[in-house]
Undergrad: 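If you scroll down you'll find the structure; I have some questions about it.
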Amino acid sequence: MTIHTGRDIHAADVTPEDASIERTSIYVYEAPLRVWHWVTAVTITVLVVTGFFIGTPLPSVPGEASDSALMGTIRFIHFTAGYVLAIAWLLRIYWAVVGNHHSRQLFKLPFWRRDYWGGVLWEASWYAFMRTEPKKYVGHNPLAQFVMFTVFTLGMFFMIITGFALYAEGTGLDSWQYWLFGWVFDIFPNSQSVHTWHHLGMWAFVIYTILHVYAAVREDIMSRQSMISTMISGERMFKDNRDD
Ligand code: HEM
């Protein structure tokens with residue numbers, strides 16, 4: 001049966017009583033960006049768990065010592081995930097150059113635009129439950145952009161640079177890792193200090209992830225536009241009517 005409601009709906013069980021709802025969808029996140037997002041989500045989870053155990057190793061491991069390389073395995077998984085994170089980040093930077101304009105938002109902070117900061121304050125009051133009607137954005141809202149740039153983007157550079165500097169301590173003075181990242185030890189007073197800051201960075205990422213997931217779920221429900229499915233399909237769907 002076909003119902004004429006402005007658009008033809010071809011469904012076996014549709015009846016004249018079924019209401020049709022008009023939705024507007026905009027294609028925002030292209031496939032490489034979405035793949036990068038989920039690869040990064042998984043690798044950061046692995047890095048946080050393994051990094052936590054590197055910083056707080058198990059007091060003992062049962063069985064014959066020579067039969068087990070538990071901490072070695074944890075470190076190996078950390079380094080592998082570190083490489084995946086860093087290569088994916090390089091590809092993400094490349095995509096910011098060749099992708100659509102939304103792919104560049106993560107790397108930009110419109111610091112000198114007064115209306116941008118007005119938008120940040122407005123969103124802060126929205127997240128604080130002081131507003132009832134959400135503002136809609138095809139990309140990230142100004143507050144999300146601020147947190148993503150200052151915590152995530154700068155944090156990624158910080159974790160990759162300090163991570164590879166620590167790694168270079170193992171690969172040695174004549175390794176490419178030391179050649180590229182050895183300068184980190186000219187800035188920090190010693191290796192322990194790099195460890196401590198790399199470790200603190202982990203907690204920044206843990207807090208960021210909690211807020212990021214909270215905001216995505218909250219906005220999916222409250223802002224009348226899609227969030228989580230947008231990072232799967234790439235499409236932002238706008239729901240306009242309050243009684244939808
Ligand atoms: C979001 C990303 C990352 C997180 C959350 C993270 C977390 C951590 C943590 C918590 C530690 C323990 C620090 C300590 O207390 O001594 C650690 C150590 C380390 N991380 Fe990462 N890390 C990340 C990225 C990377 C990357 C990209 C690399 C590059 C390969 C890397 C390489 C290392 C190395 C070499 C160590 C020292 C291992 C040791 O001394 O046994 N990390 N990481």
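Just follow the structure's listing: the first ligand is 1, and inside any ligand the first atom is 1. For clarity, every value in this text was computed on a predicted model and none was experimentally measured.
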Undergrad: Compute whether any side-chain donor of one residue and acceptor of the other, for Gln192 and Trp197, lie under 3.5 angstrom apart.
TA: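 No - no donor-acceptor pair under 3.5 Å links their side chains.
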Undergrad: Would you mind counting protein N, O or S atoms that sit less than 2.8 Å from atom 21 (Fe) of ligand 1?
TA: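 Number of qualifying protein atoms: 2.
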Undergrad: Taking only residues two or more places apart in sequence or in another chain, which ones pass salt bridge (Lys or Arg N to Asp or Glu O under 4.0 Å) with Asp174?
TA: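 Partners of Asp174 under the salt bridge (Lys or Arg N to Asp or Glu O under 4.0 Å) test: none.
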Undergrad: Is the Lys NZ or Arg CZ of Lys135 less than 6.0 Å from the centre of Trp122's six-membered ring, within 45° of the axis?
TA: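 Lys135 over Trp122 ring: yes.
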Undergrad: So which heavy atom in the protein is nearest atom 34 (C) of ligand 1, and how far is it from that ligand atom?
TA: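 Among all protein heavy atoms, the one nearest atom 34 (C) of ligand 1 is Phe79 CE2, 3.6 Å.
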Undergrad: Ring of Tyr137, cation from Arg224 - is the NZ or CZ under 6.0 Å from the centre and inside 45° of the axis?
TA: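 So Arg224 doesn't make the cation-pi contact.
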Undergrad: Numbering the atoms of ligand 1 from 1, which are under 4.0 Å from a heavy atom of Tyr167?
TA: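 So the atoms of ligand 1 that pass are 35 (C).
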Undergrad: Side chain or backbone, does His199 bring an N or O within less than 3.5 Å of an N or O on ligand 1?
TA: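 His199 vs ligand 1: N/O contact under 3.5 Å present.
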Undergrad: Of all the non-hydrogen atoms in the protein, which one sits nearest to atom 37 (C) of ligand 1, and at what distance?
TA: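 Result: His195 CE1, 3.6 Å.
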Undergrad: Under 6.0 Å between ring centres: does that hold for Phe107 and Phe149?
TA: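 Ring centroids of Phe107 and Phe149 are no less than 6.0 Å from each other.
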Undergrad: Is the closest side-chain donor-acceptor distance between Ser233 and Glu235 under 3.5 Å?
TA: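 Ser233 vs Glu235: no donor-acceptor pair found between side chains.
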Undergrad: Once you restrict to heavy atoms under 4.0 Å, what part of Arg75 touches ligand 1? Side chain, backbone, both or neither.
TA: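 Under 4.0 Å from ligand 1, Arg75 contributes side-chain atoms alone.
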Undergrad: Tell me whether the centres of the aromatic rings in Phe164 and Tyr83 are closer together than 6.0 Å.
TA: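 That pair passes the under 6.0 Å test.
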Undergrad: Could you tell me if any non-hydrogen atom of Phe164 lies under 4.0 Å from any atom of ligand 1?
TA: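 Yes, Phe164 has heavy atoms under 4.0 Å from ligand 1.
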Undergrad: Determine, for Trp95 and Arg34, whether the Lys NZ or Arg CZ falls below 6.0 Å from the six-membered ring centre while staying within 45 degrees of the axis.
TA: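 Cation-pi check for Arg34 and Trp95: fails.
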Undergrad: Answer yes or no for Arg131 and Trp126: cation-pi contact, defined as NZ/CZ to six-membered ring centre under 6.0 Å and angle to ring axis within 45°.
TA: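 No, Arg131 does not lie over the aromatic ring of Trp126.
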